[in-house]
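To keep things clear, I will list the structure first and then write my remarks on it.
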Amino acid sequence: MLLNADLRQRVVVDTRALPWADSNLKGIQRRLLERGEGQAPIVTNLVRYAPDTPYPQHDHGQDEEIFVLDGELSDEHGHYGPGSYILNPRGSAHTPYSRGGCTLLVKLSRLPDGLSQRCLVDTRNGGFQGPPEGVRRLSLFGGKEGTHAYVSRFSPGARIPHHGHPGGEELFILEGEVCDELGAYPAGTWVRQPHGSEHAPFSEKGAMVLVRRGYLPQ
C-alpha cells in the first residue's frame, strides 16, 4: 500500500482526524502517514499499544526512530516515557512491550550515515539551547551527511527567518501551534516539505515541534 509516496510533494496531515486501524497483532493499532516504494520503503506512522501488549522480537532491516507521545514503551534495554526519542540502527533487534499502553510516532528509513550505535534522548530532562527568547533546540541525532533530528521549543511570538530545506524537512507538532505563509498547524499535525522548499515558520501561542531535516533525496 503506497501513501504519500511522491517525496517531491508537500504533505500536511492532521493525524487527529485519521481513524485507528487494527494491525495483525492484537492490541496494536496504527495511523499510517506515509509509505514509499521498494523493498525498504520509508514508512511513517502513529502506533498505539493497548495496556499489557507485547510485540514479538524482531530485527530492524531499516533505521527505526521512535518518539513516545504518551504512556510508556519498554524493551529489554529499558523503559521510555513521554518525550523519549529512540533510534534503533538497522541490524539491531529488540522485543518491545507496554504495560500501561502508549502512543508512538515511528519512522522507518535508511539513514545515509551508516549508523551503528543505538541513540536514546529523554527530552523531558532539558538541554535546550539557543537565545533566551525565541526558538531553542534539543538535538536528538546528527548525521555526517546533513541528516539530523531535534525538538524545537517556540516561545510565544517567536519567528524563524525565511529559509530553505536542502534534503527536505519533516515536522510533527507536539504541543501548541506553528504557522507559516502556507497555513497553521496545531498539535498532532505532520508536515513533510520536499527538497528545496522554503518557508518562514512562527508561533503566536508557543509550540513544541519534532523536526527531521535532510532525509529526502536531493
Side-chain angles (χ1 to χ4, degrees), residues 1-25 28-49 58 60-70 85-88 90 102-113 115 140-141 143 145-152 160 163-201 207-218:
M1 173 185 176
L2 300 179
L3 180 65
N4 297 321
D6 187 349
L7 301 180
R8 300 167 297 180
Q9 299 298 315
R10 182 175 184 270
V11 180
V12 179
V13 178
D14 181 355
T15 66
R16 301 167 302 174
L18 298 178
W20 287 102
D22 292 334
S23 74
N24 58 355
L25 296 172
I28 295 180
Q29 297 179 309
R30 302 180 189 276
R31 286 173 169 167
L32 184 63
L33 306 182
E34 69 172 337
R35 183 180 179 87
E37 299 180 286
Q39 294 183 338
I42 294 176
V43 180
T44 304
N45 52 193
L46 295 175
V47 178
R48 183 167 69 178
Y49 281 64
H58 59 281
H60 294 120
Q62 301 193 79
D63 299 301
E64 177 189 59
E65 294 174 272
I66 299 171
F67 194 92
V68 182
L69 299 173
D70 62 52
Y85 169 84
I86 309 128
L87 195 163
N88 294 311
R90 54 185 179 267
C102 63
T103 306
L104 317 171
L105 179 66
V106 181
K107 186 174 189 71
L108 303 176
S109 63
R110 293 187 70 85
L111 298 171
D113 302 279
L115 296 173
L140 304 176
F141 156 74
E145 298 186 24
T147 57
H148 58 289
Y150 54 89
V151 173
S152 284
I160 296 178
H163 62 281
H165 297 120
E169 178 187 61
E170 286 183 40
L171 308 174
F172 187 84
I173 314 304
L174 300 168
E175 300 175 11
E177 181 180 79
V178 172
C179 304
D180 62 14
E181 53 268 59
L182 299 175
Y185 318 108
T189 303
W190 179 74
V191 182
R192 189 186 71 203
Q193 318 237 61
H195 165 65
S197 59
E198 301 178 355
H199 72 154
M208 291 276 285
V209 185
L210 175 62
V211 182
R212 297 182 177 99
R213 301 185 70 178
Y215 283 60
L216 302 181
Q218 300 188 23

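Atom set for the values below is all heavy atoms of this structure, side chains included, hydrogens, waters and symmetry mates excluded. Starting from 1, each residue takes its place in the sequence as its number.
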Tell me if a side-chain donor or acceptor on [X] pairs with a main-chain N or O of [Y] at a distance below 3.5 Å.
X    : Y    : value
T15  : G188 : yes
H195 : G167 : yes
R10  : S197 : no
R90  : L111 : yes

List for me each residue that meets side-chain hydrogen bond (donor to acceptor under 3.5 Å, both in side chains) alongside [X], sequence neighbours excluded, and say none if there are none.
X    : value
H163 : H165
Q62  : none
Y215 : E65
N24  : none

Pick out which of D22, V47, V43 makes a side-chain contact (heavy atoms from CB on, under 4.5 Å) with R30. V47
Y185 and D14 side chains, donor-acceptor separation under 3.5 Å: no
Distance-minimising heavy-atom pair for [X] and [Y]:
X    : Y    : answer
D180 : P201 : CB-CA, 4.0 Å
L7   : P194 : O-CB, 3.5 Å
A5   : L2   : CB-CB, 4.2 Å
E198 : G164 : CG-CA, 3.8 Å
S23  : I28  : OG-O, 2.8 Å

For [X], all residues meeting side-chain contact (heavy atoms from CB on, under 4.5 Å), sequence neighbours excluded:
X    : answer
E181 : H162, H199, A200
D70  : T103
L3   : L32
R31  : L18, W20, L46

Could you check L174 against L69 for side chain to side chain contact (heavy atoms under 4.5 Å, CB included), going step by step and ending with a plain yes or no? CA-CA 8 Å; L174 300 168; L69 299 173; 3.6 Å; yes
Could you go step by step and tell me if Y150 and R213 meet the side chain to side chain contact (heavy atoms under 4.5 Å, CB included) rule? CA-CA 9 Å; Y150 54 89; R213 301 185 70 178; 3.1 Å; yes
Once rounded to the nearest 0.5 Å, what's the spacing between atom CZ of F67 and atom CD1 of I86?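 It comes to 9.5 Å.
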Out of curiosity, F172 CZ to M208 CE, how far, rounded to the nearest 0.5 Å?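 One gets 12.5 Å once the value is rounded to the nearest 0.5 Å.
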Pairwise side-chain contact, V12 with L182, heavy-atom cut-off 4.5 Å (strictly under):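 Not in contact.
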Side-chain touch Q9/N4, heavy atoms, less than 4.5 angstrom: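 A side-chain contact is absent here, since even the closest heavy-atom pair is not under 4.5 Å.
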Under the ring pair (Phe, Tyr, Trp, His ring centres under 6.0 Å) test, which residues partner Y85, sequence neighbours left out? none
V11 vs W190, side chain to side chain contact (heavy atoms under 4.5 Å, CB included): CA-CA, chis, key distance, verdict: CA-CA 8 Å; V11 180; W190 179 74; 3.9 Å; yes
Passes side chain to side chain contact (heavy atoms under 4.5 Å, CB included), D63 versus N88? Steps please. CA-CA 6 Å; D63 299 301; N88 294 311; over 6 Å; no
Residues 33-41, side-chain donor-acceptor partners within the protein, below 3.5 Å, at least two apart:
{"from": "E34", "atom 1": "OE1", "to": "R192", "atom 2": "NH1", "distance (Å)": "2.7"}
{"from": "E34", "atom 1": "OE2", "to": "T44", "atom 2": "OG1", "distance (Å)": "2.7"}
{"from": "E34", "atom 1": "OE2", "to": "K107", "atom 2": "NZ", "distance (Å)": "2.7"}

